[in-house]
Amino acid sequence: MVRFKNDDSAYVGRYLAVVADGMGGHAGGNVASASTVLDLVHLDRPDLEDQAVTVLADEIQAANSLLSELVTTSPELSGMGTTVTAMLLQGDRVALAHIGDSRAYRFKDGVFEQISIDHTFVQRLIDEGRLRPEEAESHPHKNVLMRVLGDVDASPELDLATFEVEPGEKWLLCSDGLNAVLRDSEIEAVLRDSKDLSTAVDTLVELTLAGGSPDNVTVAVVEVVDEADAPAPAREPAPVTAGTAEVPAAAAERPADTKDGAQASGGEEPDDEEREADSSVRAEVIRRDLASRPHLLVGAASLATETGQIPIVTKRSAERRAARLLMHKADDDAAAPETQAPEPPRKRRRWILITVLAVIAALLASVLWVGYAWTQTRYYVGTADNRVAIYNGVSQTLGPVKLSHVTETTDIPVDSLPEYWRSRVNDTVPAKDLVHAEQIVGQLRGTAKAILCPQPSEPAPSPSPSVLADALGASNGPDGLPAINSCGGQQ
């Protein structure tokens, strides 16, 4: 199988390393991974204003919101998603944020171990004691993801942790294309035996491709060094390296005229000269920003940056960078010391500050309005007065403002549901639209016990779990959620 687009993206710098694997089974997997990685690279600096783990979590949540905005403006990208595994160094501690099935490994004091936990259906079965680890590799639903970034969840749950680091230890971040072929013991052997990081990365990628990887493979290896021993700034820093490859074609072999319907933000063809000029300018903005720090960028993020061939990512990333540069310049202007003290410059600075604050207030109001309008396009199934109800909006609140309201209260008592589905409904079940929410209610009605359950003489057919399954998880493969009986209980 030849893949003509790489859904993986990765970035490694002095303080930040990120690997993202776009959901290849959906339109826009490359858009999701590239957008997320490019939205995080500004964190690659030592002067963070807060704890690294807090900053990293906030920025990943912001990247998730950006994906939802992209889907709002380009509905053809609906359903796209991406995994994210990122580490951010601050002093002698590193923050790790993770969602999905990309992985983080640590090689320290001669011990090699997996640090992240896969957010997959089979891992949940292992955690619940229903599946042995050795059975996971052959399980038919091993690729079913339970958590990802994308337009499926307004507030995705991240795994967050902080670790003390020491010079000499190594971290490896990778997409699931690596561990789909190589065992942990084989990955460890390569790290132990390789003379440098580049050799380790190249060897791992080559072994994966030789083993017939079913997916793109991206590997980033990071070594912790003393600040005093760090090499002088360069385009490609020595302590970090990364590699990516398509299956079976490498990234350099991708045809230049490849088209993907999920990559365009509008209906214009690539031969529109004005659109091409805009993409080139936006790509140049991103390249200049990246050139300010030593780094390596690979995969779909590199394709968007170097060629502008994913214009929707280039457009949004360039806009956000321009906004940051303007805000930074405005802050510098406001904080600059006075060299002269005539009255007219003071007045001018006062008006500049007022103008900047007004622009910020207008932008904030616009963002809040757009965000609220987007929430009113969503639906979910929850509870109201101990009854199953359909809500319009999202289940979060913004201060005293509720972002959802009851659209319909059904006659299904929550207590009549089996324990599993009662728990899910209490936690809320997201729906794509009102029709989808009504289908979920129909499924729940079929599981209800007692007064809603049909008499034994009139058995009802078992409902398909597909609607609830679609609402409760995202996957790279076939749906693996449990089926349900018509009168409650899991099969």
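- Salt-bridge annotation for E113 and R106: present, with a side-chain N of the basic residue lying under 4.0 Å from a carboxylate O of the acidic one.
- Nearest heavy-atom pair, G81 versus A32, reported as atom, atom and distance to 0.1 Å: O-CB, 3.5 Å.
- Side-chain atoms of S74 never come within 3.5 Å of backbone atoms of V71 as a donor-acceptor pair (strictly under, hydrogens ignored).
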Mind running side-chain contact (heavy atoms from CB on, under 4.5 Å) on L172 and L178 for me, showing each step along the way?
CA-CA 11 Å; L172 183 149; L178 179 70; 4.1 Å; yes

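- Nearest heavy atoms, D47 versus R45: OD1-CD, 3.0 Å.
- Pairing each heavy atom of V19 with each of C174, the nearest pair is CG1-C, 3.8 Å.
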Give the intermediate values and the outcome of side-chain contact (heavy atoms from CB on, under 4.5 Å) for residues L48 and Y15.
CA-CA 11 Å; L48 299 176; Y15 305 97; over 6 Å; no

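- At distances below 3.5 Å, at least one donor-acceptor pair connects side-chain atoms of D7 with backbone N or O atoms of N30.
- A 6.0 Å sphere centred on CD1 of I117 holds no more than 12 heavy atoms belonging to other residues, nucleotides or ligands.
- Formation of a donor-acceptor pair under 3.5 Å by the N6 side chain with backbone atoms of A300 is not found in this model.
- Panel note: side chain E186, backbone R183; a donor-acceptor pair is recorded below 3.5 Å.
- Using a 4.5 Å heavy-atom threshold, the side chains of M87 and L173 count as touching.
- Between R103 atom CZ and D184 atom CG the span is 6.0 Å, to the nearest 0.5 Å.
- F121 and H139 have perpendicular rings, their planes meeting at more than 60° on a 0 to 90° scale where under 30° would count as parallel.
- V181 is not listed as a side-chain neighbour of L207, based on a closest heavy-atom distance of 4.5 Å or more.
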With side-chain contact (heavy atoms from CB on, under 4.5 Å) as the criterion, how do M23 and V148 come out once you've worked through the C-alpha distance, each side chain's angles and the decisive distance to 0.1 Å?
CA-CA 9 Å; M23 293 169 61; V148 293; 3.7 Å; yes

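- Summarising the geometry of G177 relative to T208, their closest heavy-atom pair is O-CG2, 3.2 Å, with the distance given to 0.1 Å.
- Not a single donor-acceptor pair under 3.5 Å links the side chain of S33 to the backbone N or O of T82.
- One distance of note links OG1 of T377 with NZ of K432; it measures 14.0 Å at 0.5 Å rounding.
- Between A86 and V18, the closest heavy-atom pair is CB-CG2, 3.9 Å.
- Panel note: side chain E169, backbone V225; no donor-acceptor pair is recorded below 3.5 Å.
- Counting only N and O atoms by type, the side chains of Y379 and T407 include no donor and acceptor under 3.5 Å apart.
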For a side-chain contact (heavy atoms from CB on, under 4.5 Å) check, start with the C-alpha distance between E49 and V55, then their side-chain angles and the critical distance, and finish with the verdict.
CA-CA 8 Å; E49 298 178 356; V55 173; over 6 Å; no

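- The residue from D159, D118, T85 that alone fulfils the side-chain hydrogen bond (donor to acceptor under 3.5 Å, both in side chains) condition with H98 is T85.
- Counting heavy atoms from C-beta on, the side chains of S9 and T36 never come closer than 4.5 Å.
- Using a distance-only test at 3.5 Å, with no hydrogens or angles considered, no donor-acceptor pair links the side chain of N392 to the main chain of H405.
- Counting heavy atoms of neighbouring residues, nucleotides and ligands inside a 6.0 Å radius, atom CD of Q51 does not exceed 12 of them.
- In this structure, CG in L66 is found 10.5 Å from CG in L38, a value given to the nearest 0.5 Å.
- Taking CG of D44 as the reference point, atom OH of Y11 lies at 3.5 Å (rounded to 0.5 Å).
- With contacts defined as side-chain heavy-atom distances shorter than 4.5 Å, the pair L67/S35 qualifies.
- The main-chain N or O of A104 is found under 3.5 Å from a side-chain atom of S116 such that the two form a donor-acceptor pair.
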List the steps, then state whether side-chain hydrogen bond (donor to acceptor under 3.5 Å, both in side chains) holds for Y380 with R378.
CA-CA 7 Å; Y380 67 90; R378 318 301 289 183; over 6 Å; no

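- When every heavy atom of A437 is checked against every heavy atom of V381, the shortest pair comes out as O-CG2, 3.8 Å.
- Atoms CZ and CG, on R93 and L88 in that order, are 13.0 Å from each other to the nearest 0.5 Å.
- Q90 CD to L56 CG: the interatomic distance, rounded to the nearest 0.5 Å, is 11.0 Å.
- Counting only heavy atoms from C-beta outward, the side chains of D21 and N216 never approach each other to under 4.5 Å.
- In this structure, the side chains of V190 and L182 stay at 4.5 Å or more apart for every pair of heavy atoms.
- The shortest side-chain heavy-atom distance between F112 and I187 falls under the 4.5 Å cut-off.
- Contact annotation: the side chain of L191 never approaches that of Y105 to less than 4.5 Å [non-hydrogen atoms, C-beta and beyond].
- For the 3.5 Å distance criterion, the side chains of T199 and S194 fail to qualify, holding no donor opposite an acceptor.
- Inspection of the T218 and D8 side chains reveals an N or O donor paired with an N or O acceptor under 3.5 Å.
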